[in-house]
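Inspection log for the structure reproduced underneath, given as C-alpha cells.
Positions are given from 1 along the sequence.
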Amino acid sequence: PVLLDGAATAVAALLADAAAPGARAWWAAGSRCTEPAQTLALDVLELRPLLDLEIRGGQGTGALAAVGLVRAAAAVSP
C-alpha cells in the first residue's frame, strides 16, 4: 500500500493508474492539501483522504500524519 501526499504525487498517481489500470487499489490519500490539483486528481481516482488537515507543506507530512491511523486500522482488522 502507498499513502499519497500532495498534488504532485496525486497527479503522478493519476498518470500511473492510466498506464496500469487498477493500480489505484493499492493507494490511499494521506491527507487533503490546499492545492486544487490534488483535489481534482483524488476525485478522478475516487480516493478520499484519510485526514483533512489543510497542510500546505507537502513533503510527506500529510502521509506521515496518517500512518498512525493506518497502523491502528491494521491492528484491529481481523
Side-chain angles (χ1 to χ4, degrees):
V2 175
L3 283 175
L4 305 175
D5 182 51
T9 56
V11 172
L14 189 60
L15 296 172
D17 191 63
R24 72 177 78 184
W26 292 95
W27 305 328
S31 74
R32 181 175 310 280
C33 70
T34 58
E35 299 178 48
Q38 187 215 30
T39 298
L40 191 62
L42 294 181
D43 287 347
V44 172
L45 291 168
E46 299 175 345
L47 296 175
R48 291 187 58 211
L50 298 173
L51 304 170
D52 193 350
L53 303 174
E54 298 183 17
I55 295 175
R56 293 176 190 243
Q59 303 169 346
T61 53
L64 184 59
V67 168
L69 180 63
V70 172
R71 284 185 175 165
V76 297
S77 293

Please give me the minimum heavy-atom distance between [X] and [Y], naming the atom from each residue.
| X | Y | result |
| --- | --- | --- |
| Ala7 | Ala37 | CB-CB, 4.2 Å |
| Ala10 | Leu45 | O-CD1, 3.9 Å |
| Asp17 | Gly22 | OD1-N, 3.3 Å |

From [atom1] ([X]) to [atom2] ([Y]), nearest 0.5 Å:
| X | Y | atom1 | atom2 | answer |
| --- | --- | --- | --- | --- |
| Leu40 | Glu35 | CG | CD | 12.5 Å |
| Ser31 | Asp52 | OG | CG | 7.5 Å |
| Asp5 | Arg32 | CG | CZ | 12.5 Å |
| Leu42 | Cys33 | CG | SG | 8.0 Å |
| Leu14 | Thr9 | CG | OG1 | 11.5 Å |
| Trp27 | Leu47 | CH2 | CG | 8.0 Å |

When you group the ILVMFWY residues by side-chain heavy-atom contacts below 4.5 Å and let the links chain together, are [Y] and [X] in the same group?
| X | Y | result |
| --- | --- | --- |
| Val11 | Val44 | no |
| Val67 | Leu51 | yes |
| Trp26 | Leu4 | yes |

